[in-house]
Amino acid sequence: MTTRLLNAGLITVILFLLTSCATVQLTEEGRKARVLSFDDVKNCQKNGAATVSVNQKMLSIVPKQSSRIAKQLSILARNSAIHMGGDTVVPMSKVDNGQQTFAVFRCIP
């Protein structure tokens, strides 16, 4: 009985550590970018597109909630937008297998 509890506790700790290591951080530059809809960027200049993805190994080991994956992908897109000369991203596709494509726009002169 004690061994089962010890094993269950150990598995819980390992899963917690794996999920906590897989977070995506918004960079200082990424904070300057925002996520909008296509209706909001009609007067903006399109700079291209960015396809971002979360670590596939982590998806198979520890299933993540789809809302958490979507949030992490938008953070990655915001971080990427700045490097493309943009300040705004718009989702172009749905989240598919931990990957999503965003249009990158320059809206603020």
Side-chain angles (χ1 to χ4, degrees):
M1 182 74 164
T2 305
T3 305
R4 282 186 179 170
L5 288 175
L6 183 60
N7 287 341
L10 184 60
I11 290 171
T12 302
V13 169
I14 290 171
L15 288 175
F16 175 76
L17 291 174
L18 285 173
T19 57
S20 64
C21 293
T23 59
V24 175
Q25 298 296 319
L26 185 61
T27 63
E28 198 60 41
E29 294 85 14
R31 292 184 198 286
K32 299 173 187 171
R34 56 204 173 154
V35 180
L36 296 178
S37 70
F38 277 110
D39 289 336
D40 298 322
V41 295
K42 290 179 181 174
N43 297 320
C44 301
Q45 174 189 347
K46 186 173 181 183
N47 286 16
T51 300
V52 293
S53 62
V54 293
N55 188 340
Q56 291 299 313
K57 289 180 183 177
M58 290 307 298
L59 285 175
S60 61
I61 295 172
V62 180
K64 294 183 182 180
Q65 294 177 337
S66 58
S67 62
R68 183 173 178 202
I69 293 170
K71 182 177 179 181
Q72 290 182 347
L73 292 171
S74 69
I75 289 170
L76 289 169
R78 290 171 66 191
N79 289 344
S80 297
I82 298 301
H83 299 291
M84 296 176 66
D87 55 37
T88 304
V89 294
V90 177
M92 293 176 61
S93 68
K94 295 186 184 287
V95 177
D96 182 27
N97 203 22
Q99 182 173 306
Q100 188 173 18
T101 301
F102 291 81
V104 178
F105 291 90
R106 179 108 185 131
C107 297
I108 302 169

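R68 CZ to K71 NZ: the interatomic distance, rounded to the nearest 0.5 Å, is 9.5 Å. In this structure, S74 OG and I69 CD1 are separated by 12.0 Å, a value rounded to the nearest 0.5 Å. Here the CE atom belonging to M92 is positioned 6.5 Å from the OG1 atom belonging to T101, to the nearest 0.5 angstrom. Rounding to the nearest 0.5 angstrom, the gap separating the OG atom in S37 from the NZ atom in K42 is 8.5 Å. Distance check, rounded to the nearest 0.5 Å: CD1 of I108 to SG of C44 gives 8.5 Å. Between K32 atom NZ and T88 atom OG1 the span is 13.5 Å, to the nearest 0.5 Å.
Side-chain heavy atoms closer than 4.5 Å link hydrophobic residues (I, L, V, M, F, W, Y) into clusters, and following such links, possibly through other members, connects F102 to M84. The cluster map of Ile, Leu, Val, Met, Phe, Trp and Tyr, joined by side-chain heavy atoms under 4.5 Å apart, puts F105 and I75 in different clusters. A continuous path of hydrophobic side-chain contacts links V52 to V35 [ILVMFWY only; heavy atoms under 4.5 Å]. Under a hydrophobic clustering in which Ile, Leu, Val, Met, Phe, Trp and Tyr are joined whenever their side-chain heavy atoms come within less than 4.5 Å, directly or via other members, V95 and F38 fall into different clusters. Linking Ile, Leu, Val, Met, Phe, Trp and Tyr residues whenever their side-chain heavy atoms come within less than 4.5 Å leaves L73 and L36 in two separate clusters.
Between the side chain of D87 and the backbone N or O of A33, no donor-acceptor pair lies under 3.5 Å. Side chain of S80 to backbone of A50: no donor-acceptor contact under 3.5 angstrom is found. Between the side chain of N79 and the main chain of T27, a donor-acceptor pair closer than 3.5 Å is present. Within the 3.5 Å criterion, the main-chain N or O of V104 finds no donor-acceptor partner in the side chain of N47. The closest donor-acceptor contact from the side chain of Q45 to the backbone of R106 lies at 3.5 Å or more, if one exists at all.
When all heavy atoms of Q100 and S93 are compared, the pair lying nearest together is NE2-O, 2.8 Å. The minimum heavy-atom distance linking E29 with I82 is given by the pair O-CG1, 3.1 Å.
With contacts defined as side-chain heavy-atom distances shorter than 4.5 Å, the pair T51/Q99 qualifies. Using a 4.5 Å cut-off on side-chain heavy atoms (C-beta onward), C107 and N43 make no contact.
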